[in-house]
Amino acid sequence: MAAWTLQGARTRKLKPFLDPQVIEEVANNVVEVKAEAFVRAFLYPSSRLGEEEPLMQRDLELAAACHDMLKQKVSKDDALTAILTSPSCPQYSKAVFTLLDPNVMDEEDLYTPFRTLFTFINAFYRISFANRSLPHDIDAAWPAAFDPKAGDLEDTRTLTEPVLRNFFDTRKSTLKFSPRLKGEPAHLKPDLVLMAHRDKDPNTKQPSVHWKDVRVPIEIKRNFKREGKIVSQLALYVHAMLMEQFDRNFALTVSLSATQCRLFHWDSVGCHATEPINIHDDPILFIRCIARLAMMTPAELGYDERFSNAGRILSDEKLTTTLTVHESPVRQYLDREPSPDERPLETATSMLLELDTENFLFESRGGIFHQYTRVWRGKEISDVKIWETGPTRVVKQSWAEDFRPSEGYLYKLTNNIPTVCSLVLMEECDHTWEYHNRVAEQDVIGYLKAAEPKPDLQPAVRQLEGDLLTLGPNPRQFANIANRGSPTPLNTSSGQVESPERVLLRFVLEEEYRPLHKANNSSEVLKATVQWIEGLIALDAVGPETNAPTPAKIIDLGFAHLKEVQSGDEPLSRTPETPSVCQEAFSSKGRTLTSGGDSTPPILRDDHSLTGTPPFVALDLMEQHQYSPTSSFVEHGLHHDVESVFWVLIYLCHVKADPEPADPMGSILRGLTSPDIDFVISTMSSIVGRGRKFLTEIVGPFYGLRDFLKDFADYHHACSEREEPIDVFKVLAMAIEHRDKLAKREKEYASSATVQQLPPMTTLGSTATFDSPKRKLFTLKDSSRPSEREEELFEEGVSTSKKKTKHDTSVNSLMQT
């Protein structure tokens, strides 16, 4: 799985790569808490801790009544009687649920009884609410979605059926993704789901279900003996939901066996889980939990109501989506409560934007716990009544680690740097600590621990099976996911480990350009590269300084844009057709200051974590963090960020070339996008080492970059031999030189009236014809497949299984999918 790809760029085989990554992520990130504490914290999020909650008391009484009906097997309501008398509906007799036999031989025998029981519980609560002296409409928060462009349709919406939520058996259904998520794993099949729908029959098996419609996935096993595998499966379902449902901030899941139940709350940091609930010994608590899931509002299920129709747009509906952004004061640090002068004013600016949710500018595809960065185009709505639109903006949202300097603060500092977008407004939307602080320390049991691995299994097989969740430190010091440093436990009963937390930030930015990977040709990419490097130099000069001995020079803006202000450049029009760098950014090492509140003095805190997108992080940072995590850290410098530009261009060339699996360039791409950090490092070492000569073999629409990339790799190699960092100004001069050479060749080609049309360019193993003459600046000296000797050289320099890298890792396995 390419967890760090540009949008739409995916490796071909996903399933074998994802499970090891997931099992590593969930290790030490699933915190077990007492069941009642979980129910209050996450199923009744609006309840006040330590106070009697009327809603909880009401639902408790209904759960007891539902339990009595299951024991008595009789109801005055015809609909409930029909379900009760069904052969597949469990009854409660002799202190157990019938049909839920602990000795069941096949877990499939549990699917239908559980679904029927859940259907009965859901119907019981609905009918009970309608028959109360003070009726409660549990569908009030689920009106049918409407088009915001149509204006106020309250009268017609009341006549429309609400969005329904029922439990469905999906173990044999195909679960679909939206076209933008092509390449996401299609093998995920929850056993049951609570699904939003309009008119589907819950008693009929659905041939296909869309992840957009899934509200709560449920996994059923015979028992919890291999619970690591269960949690890994649930984590995959959460990943699918949060990727598909961009308007969702967290998710709930359920695991079941014939005797036990667990509920899970997942967010961008980690997961909380209930202790096992014995469904036979504590049937009322079990009924309360299932009923509550079916009754929760979209907001309580994790949907962000700043989006129009949040959680209520079904997969077969194509409606306009708007986002309201409320301005927040820009704060440097976000890991504390804002002071009075940092709180939003009542007169704060808000902006309504019409989002283009069909064509994301960028969407990070990391693991389970990551930033979930998304970037859209958004048209500012200046008049809602007539739907008059204003300028097109760039809208970015990200779950940022709150102990780092705020990205909004960096935008503020870099306001005068032309290669950085201008910030219109920012909103500090949500904090994961708001969820986690609802669990008292005395209610935390520890980390969820599953069965130990079988001793005869090889490590890779153990990981793929997902058998292991352990207590104690994670043996891997670097998580194989985008935008995430070392996995840190959510919480501990001893309180000795600080919890990592994230804050949801939204930015409205002025300019809108094309992403770098949509540049027309190599010349445009090199122009953008020059301005990118110049922008990094300018950012370094105004980096956010603290009172610490080493200033924090954090570049975490996510954008570096192509504009027409650099001396020596030919001005480029600032239009939507101008390319920009749109990618996950890199954050530096340094020291940051955090404050515990208004009356608390700043606390100096070392920040030694490494975050970023693995194939784009400077090689020595990757090596040091992976192989010497306890040694003195390599201080992140400007030269590391400039080196990252090189890795982004390497990745861009290889993705756009779309090489066949057998081609050398394809092997390099697979190495860069491997979820195994050792493989990524080995590939990077080869690219700037013995394998750098093969950079001249780059093909595809950006093959004009190969001379620059080869020169940079040679220079990087020479600096490594001398054990000195690259000189960023030499790299800038190198980029300018190659940009000018390429521009000169382009002009000569364009001005030649006698130039005949060049034949189609042939890649190594595939042929691609390019319509634009600007792309036909060079011809390959040999468009045929590489000779046997060339293949031998590549195998010797990049992917031989006989030779080990300096990290004692076989690079041959790196190149295999």
Side-chain angles (χ1 to χ4, degrees), residues 325-345 347-351 353 371 373 375 378 380 391 393-431 483 502-513 531-532 534-548 550-563 565 574 580-588 590-595 598 602 607 611 636 638 641:
V325 182
H326 303 277
E327 184 175 23
S328 300
V330 176
R331 301 195 289 146
Q332 183 173 0
Y333 296 105
L334 305 174
D335 58 348
R336 58 177 174 82
E337 287 277 8
S339 61
D341 60 339
E342 292 175 332
R343 298 183 185 278
L345 302 174
T347 58
T349 303
S350 64
M351 183 180 293
L353 299 121
Q371 287 188 336
T373 301
V375 186
E380 187 176 343
R393 306 294 192 184
V394 169
V395 183
K396 176 183 178 181
Q397 75 170 29
S398 181
W399 280 95
E401 292 171 318
D402 65 0
F403 62 84
R404 299 183 181 278
S406 161
E407 190 172 344
Y409 177 73
L410 300 185
Y411 277 119
K412 184 177 179 180
L413 283 179
T414 58
N415 188 50
N416 295 322
I417 297 179
T419 50
V420 178
C421 282
S422 299
L423 180 65
V424 178
L425 59 87
M426 180 200 86
E427 181 177 6
E428 191 176 327
C429 303
D430 203 358
H431 303 79
N483 309 315
R502 294 186 184 271
V503 53
L504 178 61
L505 300 176
R506 289 202 177 99
F507 306 94
V508 179
L509 306 167
E510 278 190 357
E511 296 87 353
E512 182 225 340
Y513 303 106
Q531 295 181 17
W532 188 0
E534 290 177 336
L536 291 172
I537 294 171
L539 283 170
D540 183 73
V542 298
E545 296 200 8
T546 70
N547 294 327
T550 305
K553 300 284 189 178
I554 298 181
I555 299 172
D556 194 21
L557 301 178
F559 287 89
H561 287 280
L562 185 65
K563 298 184 182 179
V565 295
R574 295 173 60 177
S580 71
V581 176
C582 183
Q583 47 118 61
E584 288 289 70
F586 328 104
S587 61
S588 70
R591 298 170 72 94
T592 60
L593 287 176
T594 61
S595 173
D598 298 335
D607 171 20
T611 66
H636 187 115
L638 173 61
D641 293 316

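Quick note: residue numbers are just sequence positions, from 1.
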(request) Taking E427 for its side chain and H326 for its backbone only, find out whether a donor-acceptor pair lies under 3.5 Å. (result)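 The answer is yes, because a donor-acceptor pair under 3.5 Å joins these two groups.
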
(message) I'd like to know if the side chain of R343 and the backbone of P338 have a donor-acceptor N/O pair within less than 3.5 Å.
(response)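 Present.
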
(message) Just so I know, are the side chains of R393 and P391 near enough to count as touching, which here means a heavy-atom distance under 4.5 Å?
(response)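 R393 reaches P391 side chain to side chain.
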
(request) Kindly indicate whether the side chain of F507, heavy atoms from C-beta on, has any atom under 4.5 Å from the side chain of E407. (result) yes

(message) Taking side-chain hydrogen bond (donor to acceptor under 3.5 Å, both in side chains) as the definition, give me every residue that meets it alongside E428, ordered by chain and number, with sequence neighbours left out.
(response) R331, H431

Closest approach of [X] and [Y], non-hydrogen atoms and distance?
X: L505; Y: S406; result: CD1-OG, 4.4 Å
X: S398; Y: T373; result: OG-OG1, 3.0 Å
X: L423; Y: L509; result: CD1-CD2, 3.7 Å

(message) How long is the straight-line distance from OG1 of T349 back to CD of E327, given to the nearest 0.5 Å?
(response)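 OG1 of T349 is found 4.5 Å from CD of E327.
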
